[in-house]
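In what follows, a single structure is set out as structure tokens and then discussed.
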Amino acid sequence: MAQNLLVESRERGSWTVFDVKGEVDLDTAPHLKAELAEAVKGGASNIAVNLEGVDFLDSSGLGVLIGSLKRCKEAGGTLALVSPRRPVRKVLSITGLDKVFPIHDTVQEATSE
Amino acid sequence: VSAGQNGGPPRFSLITPLETPYFATARMFAASVARQFEMAEDTIEDLKLAVSEACSRALATGKSDGRLEVAAERRGDRLVFEVVQGPGEGSGPGDGDVGPEPVPTALHLELIAALFEDAEAVPGPGGAEVVRFSAG
């Protein structure tokens, strides 16, 4: 069940942008993982995950983002995070992952690299 | 809400199946209780994360058909939360790490402890586990 999570993708230059809305936890993380994995499988290597609409994200979501970053790097690209809200920024900071992911304020900024 | 033991403070609790679709409900419940006690919104955000991690840990270590209890009780100027992995009829413990990209069960508790320094996991009734921490 992923009723609390909406994931939409769009192309922006060489980047695939995922706009995520809702809560990412053990229940909804598989949906996010499936969407990201399918994109990489389909040839996307540079992915921007727009977290502006994410109210909540726990270690299950972090696990998905880390796994996806790894897959993007294996494909020669990267995975950037965009506009995480304060609670999400905090969990990234606590775990030290704010130093692992490129984090940008806007999608435009993330995809102009 | 139940009366506290020996005239103690009331205990607020929510009992659900130990299944992931109820984790959001568990977070909402904990946040609602915290708001009743006029906790700061930043603390409530931390609380939601801690409860979610405790739920994930309970699923990883609990019986497959168990239940989950999220409880809160006022002790002094603190609000003590417990996430109790209730007994199930299942034949054994959970599969350990769970989720789409499995997170080690120890990490759940480490994250909670980073938010609430008195966090602990202690044996509960029937061999289950209780994750306890307090917020003020």
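Source: prediction; values computed, not measured. We use all heavy atoms of the structure for the numbers below, so side chains are in, but hydrogens, waters and symmetry mates are not. Here is the naming used below: chain letters follow the sequence lines, and residue numbers restart at 1 for every chain.
When the side chains of ILVMFWY residues are joined at heavy-atom separations under 4.5 Å, either directly or via intervening members, Leu92(A) and Ile112(B) end up in a single hydrophobic cluster. The hydrophobic cluster containing Phe37(B) also contains Val70(B), counting ILVMFWY residues as joined when their side-chain heavy atoms lie under 4.5 angstrom apart, directly or transitively. In the hydrophobic clustering of this structure, Leu32(A) groups with Val88(A); members are Ile, Leu, Val, Met, Phe, Trp, Tyr whose side-chain heavy atoms approach within less than 4.5 Å, directly or through other members. Phe116(B) is not connected to Val130(B) by any chain of hydrophobic side-chain contacts under 4.5 Å among Ile, Leu, Val, Met, Phe, Trp and Tyr, and they are in different clusters. Both Phe29(B) and Phe133(B) belong to a common hydrophobic cluster when Ile, Leu, Val, Met, Phe, Trp and Tyr are linked at side-chain heavy-atom distances under 4.5 angstrom.
The most heavy-atom pairs under 4.5 Å with chain B, out of Ser68(A), Gly67(A), Ser59(A), Gly63(A), come from Ser59(A).
Heavy atoms from other residues, nucleotides or ligands lying under 6.0 Å from CD of Glu52(A) number 12 at most. Counting heavy atoms of neighbouring residues, nucleotides and ligands inside a 6.0 Å radius, atom CD of Glu117(B) does not exceed 12 of them. Around the CD atom of Glu41(B), the shell of radius 6.0 Å holds more than 12 heavy atoms that belong to other residues, nucleotides or ligands.
Summarising the geometry of Ser52(B) relative to Asp25(A), their closest heavy-atom pair is OG-CB, 4.0 Å, with the distance given to 0.1 Å. Listed here is the closest heavy atom pair of Arg27(B) and Phe56(A): CD-CZ, 3.4 Å.
Looking at Lys90(A) and Asp46(B), a side-chain N of the basic residue comes within less than 4.0 Å of a carboxylate O on the acidic one, giving a salt bridge.
The distance from atom CG of Asp27(A) to atom OG of Ser56(B), rounded to the nearest 0.5 Å, is 10.0 Å. Separation of atoms CD (Glu23(A)) and CE (Met28(B)) is listed at 8.5 Å; rounding is to 0.5 Å.
Only the backbone of Leu57(A) comes within contact range of chain B, judged by heavy atoms closer than 4.5 Å. In this structure, chain A has heavy atoms under 4.5 Å from both the backbone and the side chain of Ala24(B).
Within the 4.5 Å cutoff, side-chain heavy atoms of Asp42(B) are placed close to those of Arg86(A). Looking at heavy atoms from C-beta onward, Leu111(B) lies in side-chain contact with Val91(A) at the 4.5 angstrom threshold.
Only one option out of Thr28(A), Leu26(A), Asp58(A) pairs with Phe23(B) in a side-chain contact (heavy atoms from CB on, under 4.5 Å); it is Leu26(A).
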